[in-house]
J.: 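Sharing a structure, written as structure tokens. Questions coming.
Heavy atoms only: backbone and side chains are in, while hydrogens, waters and symmetry mates are out.
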Amino acid sequence: MLTIQKFAELAGTTRRTLIFYDQKDLFHPKKVAENGYRFYDYDQLYTVTFILGLRQLGLSISEIKSLNASHSSASLNTNLKSVLGQINQQIDNLTLLRETLTTRFDQPAPADALPQNRPFTATETATLFCRSRQSVACTEKEIAEIYADFYQQLGKLKLVNRQDSGFLTQLPGSDANGYPTASFCILKAVAARTNTQDLPLLKKPAGQYVGIDTTNDTKHICLALTILANYIQKNQLKIDDQLWQMNLDESFTSKGSSNLVRLQYQLL
């Protein structure tokens with residue numbers, strides 16, 4: 001017969017585990033001497049290694065005891081199918097986490113914000129966005145509700161993958177007076193293969209854009225829009241009717257936007 005230490009080494013487990021199994025009435029030694037020493041047979045190796053395998057799969061002590069009592073393959077399959085379902089769910093969750101972090105670290109380094117309220121032109125590449133429903137009232141309450149609903153459907157992990165985000169607003173002519181009540185939708189850049197549920201997609205066209213960076217509050221945005229409108233008029237530029245308001249940081253301070261934002265119009 002084998003001492004508990006020798007048997008534990010043979011089974012690839014620990015003395016403490018064997019004592020625990022004995023105390024839980026799951027697996028007993030072949031013999032217990034008068035001095036309390038536990039001894040095991042070689043044939044017990046096959047039982048304990050099966051138990052250790054079931055434990056590694058995630059079955060509880062009580063589940064294994066129940067299986068040992070029934071000696072039923074059908075019961076074992078039922079338990080293991082449940083374990084398989086849990087494992088598959090964990091794999092799906094881990095895959096999603098890995099994709100999120102991989103996307104984050106694949107993003108180019110964010111560009112430094114330019115001096116505020118100074119218009120500029122830049123070449124933009126085409127970007128695919130997922131978009132929220134369109135606003136109606138443009139209140140803080142509605143912005144929060146659209147934001148919550150949007151990321152509930154798209155997935156909150158998208159908030160940390162560092163892909164572009166912002167708003168698309170129908171605002172012809174960089175009209176500052178119309179900004180507070182202009183209709184908008186929330187944007188989040190996505191890959192073409194992204195499952196966006198029922199959320200629609202739109203593409204920000206590649207091309208030349210005129211833009212301006214500013215602080216994210218109504219007062220500063222309206223001031224920036226006025227400066228931008230004067231710049232557009234002075235340089236006789238023609239712009240699209242859609243205002244792209246892009247976040248310059250992943251931390252949102254108010255109304256679903258970063259502290260600094262970039263306002264852009266595509267040049268026609």
Side-chain angles (χ1 to χ4, degrees), residues 99-100 103-104 106-108 110-111 113-114 122-172 174-175 178-218 220-222 224-225 228 239-267:
E99 288 178 352
T100 298
T103 299
R104 178 182 178 87
D106 281 347
Q107 299 306 305
L114 299 174
T123 302
E124 298 282 334
T125 58
T127 305
L128 183 65
F129 286 96
C130 185
R131 54 160 292 174
S132 72
R133 60 184 169 88
Q134 202 74 16
S135 70
V136 176
C138 301
T139 62
E140 287 191 10
K141 178 176 182 292
E142 186 186 35
I143 293 172
E145 288 174 347
I146 292 176
Y147 176 90
D149 179 66
F150 179 65
Y151 281 106
Q152 182 66 33
Q153 293 185 68
L154 186 59
K156 295 179 179 64
L157 280 175
K158 295 293 189 297
L159 285 165
V160 296
N161 67 11
R162 220 172 68 180
Q163 288 183 295
D164 289 342
S165 66
F167 294 82
L168 182 64
T169 304
Q170 296 298 317
L171 191 68
S174 189
D175 178 15
Y179 178 79
T181 57
S183 178
F184 68 88
C185 63
I186 296 174
L187 303 175
K188 180 62 180 178
V190 294
R193 56 183 171 79
T194 301
N195 179 9
T196 60
Q197 305 297 331
D198 295 327
L199 295 169
L201 298 172
L202 64 84
K203 182 177 288 187
K204 182 180 182 183
Q208 287 289 111
Y209 285 75
V210 60
I212 191 169
D213 292 353
T214 194
T215 302
N216 173 36
D217 61 52
T218 301
H220 285 90
I221 288 177
C222 287
L225 286 170
L228 194 60
I239 60 172
D240 189 50
D241 290 341
Q242 295 181 321
L243 169 65
W244 300 84
Q245 179 177 322
M246 308 308 301
N247 294 314
L248 293 178
D249 190 272
E250 62 185 326
S251 297
F252 296 166
T253 56
S254 67
K255 298 181 180 179
S257 290
S258 59
N259 184 50
L260 291 177
V261 294
R262 176 162 294 171
L263 310 178
Q264 293 180 303
Y265 283 96
Q266 186 181 18
L267 294 175

J.: For a quick test of reading the model, state the closest non-hydrogen atom pair linking R133 to C185 and the distance between them.
T.: O-CB, 3.8 Å

J.: What's the separation between atom CD in Q242 and atom OH in Y265, rounded to the nearest 0.5 Å?
T.: 10.0 Å

J.: Ignoring hydrogens and angles, tell me if any N or O in the side chain of E142 forms a donor-acceptor pair with the backbone of C138 under 3.5 Å.
T.: yes

J.: Find out whether L225 and I221 are in side-chain contact, i.e. whether some heavy atom of one side chain is under 4.5 Å from a heavy atom of the other.
T.: yes

J.: Can you name the nearest heavy-atom pair linking R262 to L114, along with the distance?
T.: NH2-CG, 3.9 Å

J.: Tell me whether E140 at atom CD has more than 12 heavy atoms from other residues, nucleotides or ligands lying less than 6.0 Å away.
T.: no

J.: Can you see which heavy atom on A224 is nearest to which on L263, and at what distance?
T.: CB-CD1, 4.0 Å

J.: If you measure from CD on Q264 to CG on D213, what distance do you get to the nearest 0.5 Å?
T.: 8.5 Å

J.: Would you call R104 and E99 a salt bridge, taking side-chain N to carboxylate O under 4.0 Å as the test?
T.: no

J.: So, do L248 and V261 sit near enough that their side-chain heavy atoms are less than 4.5 Å apart?
T.: no

J.: Is it true that a side-chain atom of N216 and a backbone atom of S254 form a donor plus acceptor pair closer than 3.5 Å?
T.: yes

J.: Could you tell me whether a side-chain N or O of R162 sits under 3.5 Å from a main-chain N or O of T103, the two making a donor and an acceptor?
T.: no

J.: Keeping K158 on the side-chain end and Y151 on the backbone end, is there a donor-acceptor pair under 3.5 Å?
T.: no

J.: Quick one: NZ on K188 to OG1 on T127, what's the gap to the nearest 0.5 Å?
T.: 12.0 Å

J.: For the atom pair OH (Y179) and CG (L243), what is the distance rounded to the nearest 0.5 Å?
T.: 7.0 Å

J.: Hey, what do you get for OH (Y147) to CZ (F252), rounding to the nearest 0.5 Å?
T.: 5.5 Å

J.: So does L187 get a backbone contact from the side chain of S165, meaning a donor-acceptor N/O pair under 3.5 Å?
T.: no

J.: What closest approach, in Å, do S174 and I239 show between heavy atoms, and which atom pair accounts for it?
T.: N-CD1, 4.2 Å

J.: Do the side-chain N and O atoms of Q170 and S183 include a donor-acceptor pair separated by under 3.5 angstrom?
T.: no

J.: Without swapping roles, check the side chain of S258 against the backbone of L260 for a donor-acceptor pair under 3.5 Å.
T.: yes

J.: Mind checking what makes side chain to side chain contact (heavy atoms under 4.5 Å, CB included) contact with D164, not counting sequence neighbours?
T.: F129, A189, M246

J.: Just to verify, what does Q266 make a side chain to side chain contact (heavy atoms under 4.5 Å, CB included) with, not counting sequence neighbours?
T.: P205, Y209, D240

J.: Determine whether a donor-acceptor pair (N or O, by modelled atom type, separation under 3.5 Å) exists between the side chain of N247 and the backbone of D249.
T.: no

J.: If you look at every heavy atom in P180 and T218, which pair is closest and at what distance?
T.: CG-CG2, 4.2 Å

J.: Any idea which heavy atoms bring A182 and L171 closest together, and the distance?
T.: CB-CD1, 4.1 Å

J.: What do the steps show when you test S135 against I146 for side-chain contact (heavy atoms from CB on, under 4.5 Å), and what is the final call?
T.: CA-CA 8 Å; S135 70; I146 292 176; 4.0 Å; yes

J.: Can you tell me how far the CZ atom of R131 sits from the CZ atom of F150, to the nearest 0.5 Å?
T.: 9.5 Å

